[in-house]
Visitor: 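Got a structure here, written out as structure tokens. Questions coming.
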Amino acid sequence: MKNITKVVAAGLLSFNFISFASAAGGEVLKSAGLGAADVAMPKAPAPSASAQAEMPDVDFFSYFGYGEKPKAARLHMEKGLKGIEKESLLSVKLESIRNAYLKPAITFTTGAGTKVHISGTKASNCPDGGNTCADKEKFFLVLTTDKNESYFVRAMEIINWGIFMSGSKTVTIDGEKYVVKVYANASTPENSKLEVKGPRGVVLTSSLKAVGDGVAAKGLDVKLGKAYKLAYGNEIVQGKQGAKFTDKMLLLMIPFPVVDASSYFIFNASDIKATGVTFPSFEQGYGFRLENGLLDIYRI
């Protein structure tokens, strides 16, 4: 696989992201400055039994990496920790970057003039609501308008790959139908082609690599032992009826630049206390503090 830049946001990120949000989920979106609308989710035709037997198990979305969830450890105010503020590496109001990854520069415009951004992220769980599935079953493409309405497309339902897979999903924006497909490239999945076709023909073509790069560009630069992109957003969960945002907020640390199929790191915002925590299995020697919406990352 090629070395590439990417996210995920994963949210966002995993930033994460569908029949769309339930009534409860809709309230969460409103509070985050986002909207959601119900969209039918037709199932892709199932391949024949013989095709299933021959089909290799390829993760077409390995470009976006695999999430790890480091555990937080409390910091104790011991001698030598005074003056931490002078060693601050990042200080940011998280609300200013909330769900920003949903609006990268990969866009198309509807006939009514609405700009639609395309991003990608992973849900926290599997289509059946559990957790025992491949990462590719959690991946979604997200179409977010400049009116803050988000439409989510489960990626494995829109894969087109020879005789093995043939899928698409139709979303309706401004009363117009847009068909979303991915034409898979099994040898270099990051070069798989995303296509969106509307009433006047194809309105967008992009590689998955370009989508990942666009999402990464919306993150904040953070330099610890390695360089990262920081993203922040609502968790997404999915189930038999689709997927929805929750009120759980996640932080993502994505190595930048990253190698295909590398790990990114997911932190529950609620685990980060005002007194400070550290994540030893992530990187040692750095503290995280969150108070009144202000995140500080500092050297300890």
Side-chain angles (χ1 to χ4, degrees), residues 1-18 44 55-67 100-108 116-123 127 133-144 150-162 164-171 178-198 202-219 229 231 233 236 238 243 252 254-264:
M1 296 289 184
K2 298 177 181 178
N3 287 353
I4 52 177
T5 57
K6 69 172 182 185
V7 168
V8 137
L12 57 106
L13 265 203
S14 68
F15 266 55
N16 336 172
F17 299 98
I18 322 203
M55 184 171 61
D57 184 17
V58 178
D59 184 355
F60 295 106
F61 308 101
S62 61
Y63 172 84
F64 291 83
Y66 301 100
Y101 76 96
L102 291 176
K103 291 186 176 181
I106 308 297
T107 66
F108 67 89
V116 183
H117 303 258
I118 296 186
S119 60
T121 191
K122 290 181 182 178
C133 66
D135 263 44
K136 63 184 179 182
E137 301 295 342
K138 301 177 182 179
F139 191 77
F140 284 84
L141 291 171
V142 189
L143 283 67
T144 301
S150 288
Y151 303 82
F152 303 94
V153 178
R154 187 169 168 264
M156 286 304 293
E157 294 185 351
I158 61 171
I159 287 288
N160 292 264
W161 185 30
F164 300 113
M165 308 176 85
S166 177
S168 67
K169 180 177 176 180
T170 300
V171 298
Y178 292 89
V179 179
V180 186
K181 295 183 178 182
V182 167
Y183 294 97
N185 184 327
S187 59
T188 52
E190 68 271 21
N191 291 332
S192 297
K193 186 179 75 172
L194 167 67
E195 178 188 272
V196 181
K197 189 174 184 179
V202 174
V203 295
L204 183 140
T205 58
S206 173
S207 68
L208 292 183
K209 179 182 186 301
V211 174
D213 290 348
V215 173
K218 302 299 289 187
K229 289 286 189 177
I236 291 171
Q238 60 176 325
L252 295 182
I254 304 98
F256 187 84
V258 297
V259 177
D260 183 25
S262 68
S263 295
Y264 60 93

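All heavy atoms count here, side chains included; hydrogens, waters and symmetry mates do not. For the single chain, residues carry numbers from 1 onward in sequence order.
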Visitor: If we only count heavy atoms from C-beta on, is the Y151 to V142 side-chain gap below 4.5 Å?
Guide: no
Visitor: Give a yes or no on whether the backbone of I158 and the side-chain of K169 come within a donor-acceptor separation of less than 3.5 Å.
Guide: no
Visitor: Give a yes or no on whether the backbone of G167 and the side-chain of N160 come within a donor-acceptor separation of less than 3.5 Å.
Guide: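 Such a contact is found between N160 side chain and G167 backbone.
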Visitor: Quick check for you: to the nearest 0.5 Å, what is the distance between I106 atom CD1 and T205 atom OG1?
Guide: 10.0 Å
Visitor: Any heavy-atom pair between the side chains of S207 and K193 that's under 4.5 Å?
Guide: no
Visitor: Assess the side chains of D59 and S62: does a donor N or O sit below 3.5 Å from an acceptor N or O?
Guide: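 No, no side-chain donor-acceptor contact under 3.5 Å.
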Visitor: What are the two closest non-hydrogen atoms of K122 and D135, and how far apart are they?
Guide: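 What the structure gives for the nearest pair is NZ-OD2, 3.2 Å.
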Visitor: Do V180 and L194 have side chains that get closer than 4.5 Å, going by heavy atoms?
Guide: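 Answer yes - side chains close enough.
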Visitor: Hey, what do you get for OG (S263) to OH (Y66), rounding to the nearest 0.5 Å?
Guide: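 That separation rounds to 9.5 Å.
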Visitor: To the closest 0.5 Å, what do you measure between CG (L141) and OG (S206)?
Guide: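 If we round to the nearest 0.5 Å, L141:CG and S206:OG are 9.5 Å apart.
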Visitor: Please work out which of the three classes, parallel, tilted or perpendicular, describes the rings of F140 and F152, given edges at 30° and 60°.
Guide: perpendicular
Visitor: If only atom types and distance count, is the side chain of T188 paired as donor or acceptor with the main-chain N or O of N191 below 3.5 Å?
Guide: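 Pair absent, no side-chain N/O of T188 close to backbone of N191.
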Visitor: To the nearest 0.5 Å, tell me how far F61 CZ sits from L208 CG.
Guide: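 F61 CZ to L208 CG: 6.0 Å, rounded to 0.5 Å.
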Visitor: Under a 3.5 Å distance rule, please check whether H117 uses its side chain to pair with a backbone N or O of P104 as donor and acceptor.
Guide: yes
Visitor: How far apart are the closest heavy atoms of V58 and A186, and which atoms are they?
Guide: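 Where V58 meets A186 most closely, the heavy atoms are CG1-O, 4.3 Å.
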Visitor: Just checking, is any N or O donor in the side chain of D213 or Y63 under 3.5 Å from an acceptor N or O on the other one?
Guide: yes
Visitor: Taking all atoms of both residues into account, what is the closest heavy-atom pair of C133 and K138, and its distance?
Guide: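 Closest approach of C133 to K138, heavy atoms only: SG-CE, 3.9 Å.
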Visitor: Identify the two heavy atoms, one from Y264 and one from F64, that lie closest to each other, and give their separation to 0.1 Å.
Guide: CE2-O, 3.4 Å
Visitor: Parallel, tilted or perpendicular: which describes the rings of F108 and Y178, with under 30° parallel and over 60° perpendicular?
Guide: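 Taking Y178 first and then F108, their aromatic rings sit tilted (interplane angle of 30° to 60°).
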Visitor: Do the side chains of V202 and V196 get nearer than 4.5 Å, heavy atoms only?
Guide: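 Contact flag for V196/V202 side chains = no.
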Visitor: Can you name the closest pair of heavy atoms from M156 and K136 and give their distance?
Guide: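 Between these two residues, the closest heavy atoms are CG-O, 3.2 Å.
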Visitor: Quick check: closest heavy atoms across T107 and L204, and the distance to 0.1 Å?
Guide: O-CD1, 3.2 Å
Visitor: If we only count heavy atoms from C-beta on, is the W161 to V182 side-chain gap below 4.5 Å?
Guide: no
Visitor: Output yes when a side-chain donor or acceptor of K103 lies under 3.5 Å from a complementary backbone atom of S119, and no otherwise.
Guide: no
Visitor: Could you go through S150 and L102, starting from their C-alpha distance and side-chain angles, then the distance that decides it, and tell me whether this counts as side chain to side chain contact (heavy atoms under 4.5 Å, CB included)?
Guide: CA-CA 8 Å; S150 288; L102 291 176; 4.1 Å; yes
Visitor: Determine whether a donor-acceptor pair (N or O, by modelled atom type, separation under 3.5 Å) exists between the side chain of E195 and the backbone of V179.
Guide: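 No; judged by distance alone, with no hydrogens or angles, the pair does not exist.
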